[in-house]
S.K.: 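Take this structure, written in structure tokens, and hold onto it; I'll ask about it next.
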Amino acid sequence: MQITRREFLISTATVALAAPSALSASHYRIGITTNTRGGWENDVWLSFREARGVGYRNVESFIHYFREYYDDKADELREKMDEIGVRFVTISNGSPLEMRFEDPSKHLKVIEDHMRLVRFIKRLGCEHLKINLGSRRPTGTTDEDLNHMASVLGEIGRQSTDEGIKFAVHAHMWSQFENRREIEYVMKHTRAEHVYFVLDTGHISMAGIDPVELTRMLGHRIVEFHLKDVRPEHRGGAKSRLERPDMMKDPPFFPLGFGGVDFPGLKAHLDKIGWRGWLTVELDSSPWRPPKDSARISREYLEKTLGLTE
């Protein structure tokens, strides 16, 4: 389904017109994604315990870590989380789910797999599902791919809405869905009330987009931010596309405060429009220090520079 550009812009900004001029820190919900390479990637329980130890109460993860609980042991998983003292922001997709959103012959399986995940995270108390869209092919993402992707995303979004869960797509470098053209197409060709957006400040910057500018465009269609920093020279969006690097030898992403993302400017805009949602710290790798130390650096930045606490 296609909507006009005017309808697209209105759908992303309407709520801002009635929003208060300022927003207290309590309206922001703070979390952390804990699959950080360098110490957390192979032990999800260690990652949760150490994240809790440096002050995080909400964690985000991926479904492959919880295969023994999926999908009939959600209560057991929730009890284990309670013992550690953390709750889920959400649980993302990935293996073993069908991820070929661009292939219409796979759409029934894509929908079945992702609605199963929706029902699972609902039992865990989550309010939204964040998804990635599979690895990018060497030929990139074509217009035909985008049409197929928007179609199946719209259907999953509609069914998720019926379940009371917001469905949100995450733009990620080196995936089927990474750049401005692809973001604008999918947002324009899906309904705002069914398909939301997760804005990753690191991936958006490396895709050549200013995260603050994209936030102004999408407004309340964003339900969650993944907060990571980039090099100062990439501030406002990298000038050229980055091929996938070795995340442990030459990482493009850093703890908050490295200088490449205008986090004060981002928060100022969110305050202005009265935005409410998840601010989820994330770091893909931590090669020079234990992940818990990188997590602590980002948390201190949230508290001391942005004035945000849970």
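Residue numbers run from 1 in the order of the sequence given.
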S.K.: Arg87: which residues meet the salt bridge (charged side-chain N to carboxylate O under 4.0 Å, His left out) condition with it, sequence neighbours left out?
M.R.: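 Arg87: no salt bridge (charged side-chain N to carboxylate O under 4.0 Å, His left out) contacts found.
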S.K.: Of all residues at least two apart in sequence or in a different chain, which pass the salt bridge (charged side-chain N to carboxylate O under 4.0 Å, His left out) check with Asp43?
M.R.: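 Residues passing salt bridge (charged side-chain N to carboxylate O under 4.0 Å, His left out) with Asp43: none at all.
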S.K.: Side chains of residues 58-67: which donor-acceptor pairs under 3.5 Å do they make with residues two or more places apart or in other chains?
M.R.:
| residue | atom | partner | partner atom | Å |
| --- | --- | --- | --- | --- |
| Asn58 | ND2 | Ile30 | O | 3.1 |
| Asn58 | ND2 | Glu310 | OE1 | 2.8 |
| Glu60 | OE2 | His226 | NE2 | 2.9 |
| Tyr65 | OH | Glu41 | O | 2.7 |
| Arg67 | NH2 | Ser95 | OG | 3.1 |

S.K.: With sequence neighbours left out, what residues match Ser47 under side chain to side chain donor-acceptor pair (under 3.5 Å)?
M.R.: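 Checked Ser47 against side chain to side chain donor-acceptor pair (under 3.5 Å); matches are Thr34.
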S.K.: Only counting residues at least two apart or in another chain, list the ones meeting salt bridge (charged side-chain N to carboxylate O under 4.0 Å, His left out) with Asp293.
M.R.: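 Scan of Asp293 (salt bridge (charged side-chain N to carboxylate O under 4.0 Å, His left out), adjacent residues dropped) gives Arg296.
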S.K.: Can you name the residues that form a side chain to side chain donor-acceptor pair (under 3.5 Å) with Asn179, not counting sequence neighbours?
M.R.: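 For Asn179 the side chain to side chain donor-acceptor pair (under 3.5 Å) partners, ignoring immediate neighbours, are Glu182.
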S.K.: Under 3.5 Å, side-chain donor or acceptor atoms of residues 237-245 against the rest of the protein: list the pairs with distances, not counting sequence neighbours.
M.R.:
| residue | atom | partner | partner atom | Å |
| --- | --- | --- | --- | --- |
| Lys239 | NZ | Gly237 | O | 3.3 |
| Arg241 | NE | Glu178 | OE2 | 2.7 |
| Arg241 | NH1 | Glu243 | OE1 | 3.4 |
| Arg241 | NH1 | Glu243 | OE2 | 3.2 |
| Arg241 | NH2 | Glu178 | OE1 | 3.2 |

S.K.: Got a sec, which residues hit salt bridge (charged side-chain N to carboxylate O under 4.0 Å, His left out) with Glu112, two or more places apart in sequence or on another chain?
M.R.: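 Salt bridge (charged side-chain N to carboxylate O under 4.0 Å, His left out) check on Glu112 returns nothing, list empty.
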S.K.: Under the rule for side chain to side chain donor-acceptor pair (under 3.5 Å), what residues qualify as partners of Ser175, not counting sequence neighbours?
M.R.: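 For Ser175, no residue satisfies side chain to side chain donor-acceptor pair (under 3.5 Å) once neighbours in sequence are set aside.
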S.K.: Show every donor-acceptor pair shorter than 3.5 Å between a side-chain atom in residues 254-266 and any protein atom, with sequence neighbours excluded, or say none if there are none.
M.R.:
| residue | atom | partner | partner atom | Å |
| --- | --- | --- | --- | --- |
| Asp262 | OD1 | Arg235 | NH2 | 3.4 |
| Asp262 | OD1 | Gly265 | N | 2.9 |

S.K.: Holding to side chain to side chain donor-acceptor pair (under 3.5 Å), I want the full list of residues that pass it with Trp278, two or more places apart in sequence or in another chain.
M.R.: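 With neighbours one apart ignored, the set is empty.
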S.K.: Would you find a donor on one side and an acceptor on the other, under 3.5 Å apart, between the side chain of His220 and the backbone of Ile273?
M.R.: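 Yes, His220 side chain to Ile273 backbone: donor-acceptor pair under 3.5 Å.
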S.K.: Is there any salt bridge (Lys or Arg N to Asp or Glu O under 4.0 Å) pair reaching into residues 137-157, and which pairs are they, with sequence neighbours excluded?
M.R.: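 Listed by first then second residue: Glu102-Arg137, Arg137-Asp145, Asp143-Arg181, Glu155-Arg158.
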